Amino acid sequence: MGLHLTRALRNFNLENRAHGLIGKEKPRPAPSHPKTEDALRATKTHHPDIEDKIRNKDNLLLTRLKEVYVDSSDPSSEVQTKESASAQEELRLPKLTVNRESLMDLDVESIPKGKISVLEALTLLNNYKNSPETWTAKKISEDYHLDSKNTQALLEYFIPFNVKIIPPKDKKQITDS
């Protein structure tokens with residue numbers, strides 16, 4: 001009984017609803033920018049047959065599109081195991097200058113060569129700031145297995161321990177009275 005009731009409600013006044021949707025005004029596209037309209041007009045005057053080219057099918061392009069075939073497959077598992085084995089060989093233990101118990105929350109057991117942890121970065125930057133004669137970029141890159149160019153850029157551009165307050169130029173400074 002429920003099937004007949006739902007079917008009757010679904011089909012109720014169906015034809016009038018369909019005519020209403022068909023007769024509804026179609027949405028208008030958003031207005032174009034004036035410069036865009038000028039560019040379109042200029043293109044139409046220089047190339048009057050451009051609209052025909054846009055609306056017509058290009059059979060040559062369609063045949064070329066049908067000829068395109070992409071075949072892809074995942075790399076074999078042997079290649080993946082070789083990559084993971086080589087990645088494991090290039091790990092190093094973190095260099096810690098503080099006690100190991102305070103760092104147990106970080107769970108850093110090994111670090112890939114060519115990368116450093118945040119703690120190591122702060123440590124080496126602090127060492128470089130305190131004694132740049134002994135902690136040179138070459139020594140740091142050798143100790144932490146880093147690229148010398150990246151190490152030099154790190155020491156030159158990353159300065160976390162300096163705070164500079166730049167006063168605004170257009171406001172008056174407040175003086176103590």
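When a residue number appears, it is its place in the shown sequence, counting from 1. All values reported here derive from a predicted model rather than from experimental measurement.
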With the side chain counted from C-beta on, respond yes when [X] and [Y] share a heavy-atom pair under 4.5 Å apart, and no when they do not.
X	Y	value
Ile111	Glu120	yes
Tyr128	Asn126	no
Leu65	Leu61	no

Query raised in the report: Closest heavy-atom contact between Thr63 and Leu60?
Result: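 So the minimum-distance heavy-atom pair works out to OG1-O, 2.7 Å.
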Requested in this report: Heavy atoms only: give me the nearest Glu37-Ser32 pair and the separation to one decimal.
Outcome: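 Closest heavy-atom pair between Glu37 and Ser32: OE2-O, 3.5 Å.
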Query raised in the report: Among Leu155, Leu125, Asp143, which one satisfies side chain to side chain contact (heavy atoms under 4.5 Å, CB included) with Trp135?
Result: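 With Trp135 as partner, Leu155, Leu125, Asp143 yield a single side chain to side chain contact (heavy atoms under 4.5 Å, CB included), made by Asp143.
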Other residues, nucleotides and ligands only: do more than 12 of their heavy atoms fall within 6.0 Å of [atom1] on [X]?
X	atom1	value
Lys44	NZ	no
Glu15	CD	no
Arg64	CZ	no

Requested in this report: Measure from the side-chain N and O atoms of Thr43 to the backbone N and O of Ala39, and report whether any donor-acceptor pair falls under 3.5 Å.
Outcome: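 Such a contact is found between Thr43 side chain and Ala39 backbone.
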Query - N/O donor-acceptor pair under 3.5 Å between His47 side chain and Asp49 backbone - result: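 Looks like no, no N/O pair under 3.5 Å.
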Atom [atom1] of [X] and atom [atom2] of [Y]: how far apart are they, to the nearest 0.5 Å?
X	Y	atom1	atom2	result
Lys149	Ser141	NZ	OG	14.0 Å
Asn11	Arg17	CG	CZ	8.0 Å
Leu40	Glu51	CG	CD	9.0 Å
Leu14	Phe12	CG	CZ	11.0 Å
Lys129	Asn127	NZ	CG	12.0 Å
Leu62	Asp58	CG	CG	7.0 Å

Query raised in the report: Side chains of Ser131 and Thr134: is there a donor and an acceptor less than 3.5 Å apart?
Result: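 A pair is found: one side chain offers a donor N or O, the other an acceptor, under 3.5 Å apart.
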Requested in this report: Output yes when Arg41 and Asp38 qualify as a salt bridge under the 4.0 Å nitrogen-oxygen rule, no when they do not.
Outcome: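 Looking at Asp38 together with Arg41, the answer is yes, because their closest N to O distance falls below 4.0 Å.
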Report task. Report whether Phe158 and Ile140 are members of the same hydrophobic cluster (ILVMFWY, side-chain heavy atoms less than 4.5 Å apart, transitive linking). Result ->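 Looking at the clustering, Ile140 is in the same group as Phe158.
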Requested in this report: Examine Ile116 and Val118 and state if one hydrophobic cluster contains both, with Ile, Leu, Val, Met, Phe, Trp and Tyr joined whenever side-chain heavy atoms are less than 4.5 Å apart.
Outcome: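 Shared cluster, yes.
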